[in-house]
Asker: 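Dropping the structure in here first, questions after.
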Amino acid sequence: MNSPANSPTTTELKTLAMGLRAFSFVANKHPGGASSAVEAIASLFFSGATTLADAGPDKDRLIYSKGHAAAPWYGALWALGAMPGTSWEQAAGFGQVGHAIPRMPVRGAVPGMEMSTGALGQGLSYGVGLALADRRAGRATRTFVILGDGECTEGQVWEAAMTADRLGLRNLVALVDANGSGSVIKLPREKWAQRWEGFGWRTVCVDGHDTDAITAALREDSSRPTAIILNTIKGYGLAAAVEGSNTLSADVAPEHLPDWDTGELIGAALQIIDRHFPHAPVRRRGQSVPTSEPSGRPGRAELLSRMAGHDVGAAVVAKKALGGELAVELAGWPMLWMAPDAIRNSGLLARMEEVGSWDWNTPDSDVLQCAIAEQDAASLAAGAASAGLWPVLFSMEGFYWRMLDQIRESIAFPEVPVLLVGTSGGLGDPLGPMVQSDGCLAALTAIGKLEILEAADINTAKILAAEALSTGRPAYLRLPHEAVPVRHTLTELAGLPLHEGVLVLADAPDPDLVILTAGALRENAVKAAQVLSGQDERRVRVLEIISPTRFAALSPDRIRELLPAHASTVSIHNAPSSVLGVLPSNARAGLTEVRIGVDTYGIAGWPQDALYEAAGLTTDAIVGRIRKECA
């Protein structure tokens with residue numbers, strides 16, 4: 001532990017806490033929950049019990065999950081130089097338009113912000129991922145997660161608590177700010193310890209405004225994850241009329257703020273910080289400090305060199321082959337193969353049995369069989385990715401409905417490199433509507449900064465997985481439910497312009513009809529084109545959209561090359577008809593734009609052929625629609 005040789009005294013820690021509280025009251029953003037966390041922040045950063053204040057790259061980690069009340073944390077980060085060249089007055093104005101620091105924490109906004117928080121309930125799962133990745137890498141760092149007690153009414157918190165216990169993450173510490181208020185709901189403090197103990201955690205209850213008690217709890221070692229219950233007062237330090245009030249979730253009136261000399265209090269705190277942490281004033285002045293560079297990722301070609309493709313014409317169920325084969329082929333890189341419950345459906349079962357499920361006594365395994373808790377798995381994957389692992393999360397596409405916010409907040413918005421794989425995309429499953437994806441792909445497509453990829457066959461799935469892993473950006477890869485014949489070798493695919501998100505499957509000179517398709521509907525679209533060209537003498541071009549997000553980003557000129565103005569356009573998909581993008585309007589030429597997809601809810605059942613017939617997605621049905629609407 002690279003903490004200062006002479007840790008601050010009790011008196012000094014109290015002075016530090018006063019400076020952070022004064023900063024929080026000047027900011028006046030959620031001052032109730034901010035003030036109740038002040039002593040925890042002071043103890044975490046400045047007591048010497050952790051390495052959070054260190055200047056080097058291998059220090060402990062903090063996830064401030066109750067991000068709406070981040071003011072004291074921002075104050076500590078500012079004091080340690082994370083916002084160089086700014087005054088405390090400027091730092092306290094965070095959240096205003098044009099300010100470098102947002103109201104809610106955003107990953108990477110300043111050094112030390114590991115996660116974008118504010119969407120309550122996700123921080124502990126993210127912390128589990130960090131702790132898990134650090135353990136696998138052999139790092140001695142600890143991960144701390146500050147939770148509000150109101151946040152602990154979120155189910156995902158307990159999903160994560162169960163996961164942390166199952167994985168034996170002794171390097172994970174949760175600090176629960178038990179100020180008795182969940183927004184405007186009263187939350188008795190008495191049962192928190194019992195609840196955490198019930199999930200297998202070592203639990204310590206302390207006075208949350210006593211820095212000595214908090215520091216002592218932080219110094220204790222454990223063979224289990226630890227929960228420190230901080231008994232605090234919401235709005236501690238505000239006027240007596242509002243201190244402890246259950247309605248301090250916004251700013252407070254000026255008359256309820258203490259009449260303090262804020263500059264003097266912050267100045268006194270800085271003197272102590274600078275004495276014990278000499279790098280702090282250097283960083284505040286903006287001078288260089290040691291940083292760690294993220295490890296580079298292999299390029300697509302290097303990843304493909306490890307992969308074995310399937311022969312053209314082979315029909316393989318990609319959802320059961322991709323994970324299992326890639327886990328073997330990419331062994332040796334810092335992979336983390338994950339699946340909430342459906343480990344068999346992802347093809348990862350054999351690998352898991354070979355290397356051992358990642359539990360407390362097999363910490364080096366690269367396979368993690370998650371519990372049936374998709375939200376926890378998504379945020380955990382994000383945390384593991386931010387600590388250097390390359391998570392690939394498999395789940396049935398229909399179950400991605402349950403983690404849309406986790407993907408948006410923890411993965412896509414902060415651009416954390418997680419590859420999400422949706423299996424059983426499209427129509428049909430013996431389990432019926434429960435696992436049917438319906439409009440899930442459309443919802444995922446609407447999440448900004450998430451690249452959408454779709455593979456019909458196993459070779460396309462492999463090269464798209466290599467694309468996603470090499471870019472280091474968040475992506476969703478959709479796999480079909482059924483086996484689909486291979487059309488290209490991996491070598492052929494590598495030579496195609498995948499960056500456009502579209503492949504030309506069939507072409508005719510000067511086409512008068514262009515069919516766009518994706519996924520398992522590819523084969524029906526190609527067959528329909530063959531019928532229309534052979535029987536109706538149509539000049540048909542068939543385009544496979546392997547990435548609707550890349551396709552949508554093409555220039556208008558390139559779109560017109562692919563979709564000539566004189567050609568009718570038809571999109572065919574077993575997802576909502578909007579997913580393949582907005583087609584250029586050919587109305588002025590008197591031509592028709594036809595969208596064939598699944599725009600209703602609950603399309604599910606078995607056998608699959610009968611379901612496709614009922615949905616109007618057979619080859620004959622597609623030909624009939626085109627003949628009727630694109631005469």
Side-chain angles (χ1 to χ4, degrees), residues 63 105-109 113-119 122-123 125-126 128-130 132-133 294-300 303 322-323 326 330 333-340 346 368 370 374-395 397 399-423 425 440-455 461 463-479 498-499 501 546-553 579:
I63 298 300
V106 172
R107 181 175 184 263
M113 287 191 192
E114 301 259 5
M115 178 188 177
S116 301
T117 63
Q122 299 179 25
S125 297
Y126 199 98
V128 169
L130 289 171
L132 182 148
S295 58
R297 285 176 173 261
R300 188 185 74 183
L303 288 166
L322 182 65
L326 289 186
L330 301 184
W333 272 310
M335 307 299 304
L336 176 59
W337 306 98
M338 304 173 60
S346 64
L368 174 59
C370 307
E374 289 84 0
Q375 297 93 328
D376 178 43
S379 298
L380 188 158
S386 72
L389 291 182
W390 303 349
V392 182
L393 172 62
F394 286 79
S395 186
E397 181 170 85
F399 294 163
Y400 275 91
W401 279 117
R402 302 178 185 174
M403 45 179 145
L404 290 177
D405 187 48
Q406 285 73 18
I407 294 170
R408 178 192 67 85
E409 176 75 10
S410 296
I411 297 173
F413 168 55
E415 299 186 76
V416 176
V418 175
L419 174 56
L420 304 161
V421 181
T423 67
C440 191
L441 183 58
L444 287 161
T445 303
I447 297 176
K449 299 184 179 179
L450 180 69
E451 182 164 50
I452 305 297
L453 308 168
E454 182 161 12
I463 197 163
L464 291 179
E467 283 265 301
L469 289 171
S470 64
T471 62
R473 294 193 299 269
Y476 175 77
L477 172 58
R478 188 187 200 231
L479 303 182
L498 302 181
H499 65 280
I546 58 172
S547 172
T549 47
R550 293 184 183 185
F551 180 67
V579 167

Asker: Check whether any side-chain heavy atom of Leu441 lies under 4.5 Å from a side-chain heavy atom of Arg478, and answer yes or no.
Answerer: yes
Asker: So which atom in Ser379 and which in Gln406 form the shortest heavy-atom distance, rounded to 0.1 Å?
Answerer: OG-CG, 3.4 Å
Asker: Could you list the residues that satisfy side chain to side chain donor-acceptor pair (under 3.5 Å) with Gln375, not counting sequence neighbours?
Answerer: none
Asker: Quick one: pull up CG in Asp376 and OG in Ser125 and give me the separation to the nearest 0.5 Å.
Answerer: 3.5 Å
Asker: Roughly how far, to the nearest 0.5 Å, is the CZ atom of Arg408 from the CZ atom of Phe413?
Answerer: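 The CZ atom of Arg408 is 8.0 Å from CZ of Phe413, to the nearest 0.5 Å.
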Asker: Return yes if some donor-acceptor pair links the side-chain N/O of Ser547 with the main-chain N/O of Ile452 below 3.5 Å, else return no.
Answerer: yes
Asker: Go through Leu336 and Val392 one step at a time and tell me if the side-chain contact (heavy atoms from CB on, under 4.5 Å) criterion holds.
Answerer: CA-CA 6 Å; Leu336 176 59; Val392 182; over 6 Å; no
Asker: Testing the basics here: between Leu479 and Leu322, what is the closest heavy-atom pair and its distance to 0.1 Å?
Answerer: CD1-CD2, 3.8 Å
Asker: Please give me the minimum heavy-atom distance between Leu464 and Glu454, naming the atom from each residue.
Answerer: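 Residues Leu464 and Glu454, closest heavy atoms: CD1-O, 3.6 Å.
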Asker: Step by step, work out the side-chain contact (heavy atoms from CB on, under 4.5 Å) result for Ile546 and Leu498.
Answerer: CA-CA 8 Å; Ile546 58 172; Leu498 302 181; 3.7 Å; yes
Asker: Using the ring of each side chain (for Trp, its six-membered ring), is Tyr400 parallel, tilted or perpendicular to Tyr476, with breaks at 30° and 60°?
Answerer: perpendicular
Asker: Salt bridge or not for Glu467 and Arg473, using N-O below 4.0 Å?
Answerer: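 Salt bridge flag = no for Arg473 with Glu467.
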Asker: How many angstroms lie between atom CD1 of Ile447 and atom CD1 of Ile411, to the nearest 0.5 angstrom?
Answerer: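 Between atom CD1 of Ile447 and atom CD1 of Ile411 there are 9.0 Å.
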Asker: Scan side-chain atoms only and decide if Ser386 and Tyr126 contain a donor-acceptor pair under the 3.5 Å cut-off.
Answerer: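 There is such a pair between these side chains.
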Asker: Quick check against the 3.5 Å criterion: does Arg107 have a side-chain atom that pairs as donor or acceptor with the backbone of Glu114?
Answerer: yes
Asker: Hey, does Trp390 have a side-chain heavy atom less than 4.5 Å from the side chain of Pro417?
Answerer: no
Asker: Do Thr117 and Pro105 come within less than 4.5 Å of each other through their side chains, counting heavy atoms only?
Answerer: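 The answer is yes; the side chains approach within 4.5 Å.
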Asker: Could you walk me through whether Val421 and Leu419 satisfy the side-chain contact (heavy atoms from CB on, under 4.5 Å) test, starting with their C-alpha distance in whole Å, then the side-chain angles of each, then the deciding distance to 0.1 Å, before giving a yes or no?
Answerer: CA-CA 6 Å; Val421 181; Leu419 174 56; 4.1 Å; yes
Asker: What heavy-atom pair brings Ala461 and Leu477 nearest, and what distance separates the two atoms?
Answerer: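 So the minimum-distance heavy-atom pair works out to O-CD2, 3.8 Å.
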Asker: In Å and rounded to the nearest 0.5 Å, what is the CD1 to CG distance from Ile407 to Leu450?
Answerer: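 One finds 6.5 Å between CD1 of Ile407 and CG of Leu450.
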Asker: Could you give the distance from CG (Leu453) to CD1 (Ile463), rounded to the nearest 0.5 Å?
Answerer: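 The CG atom of Leu453 sits 11.5 Å away from the CD1 atom of Ile463.
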Asker: Is there a side-chain contact between Leu303 and Arg297 in this structure, where contact means two heavy atoms from C-beta onward sitting under 4.5 Å apart?
Answerer: no
Asker: Nearest 0.5 Å, please: how far is CE in Met115 from CG in Leu130?
Answerer: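 Answer for the CG-CE pair, Leu130 versus Met115, is 9.0 Å.
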Asker: Search all heavy atoms of Met338 against all heavy atoms of Ala381 and return the closest pair with its distance.
Answerer: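 Looks like SD-CB, 3.7 Å.
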Asker: Does Leu393 reach the side chain of Pro340, with side-chain heavy atoms less than 4.5 Å apart?
Answerer: yes
Asker: For a side-chain contact (heavy atoms from CB on, under 4.5 Å) check, start with the C-alpha distance between Leu326 and Trp337, then their side-chain angles and the critical distance, and finish with the verdict.
Answerer: CA-CA 9 Å; Leu326 289 186; Trp337 306 98; 3.5 Å; yes
Asker: Please name the pair of heavy atoms, one in Ala443 and one in Trp401, separated by the smallest distance, quoted to 0.1 Å.
Answerer: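 Between these two residues, the closest heavy atoms are CB-CZ3, 3.8 Å.
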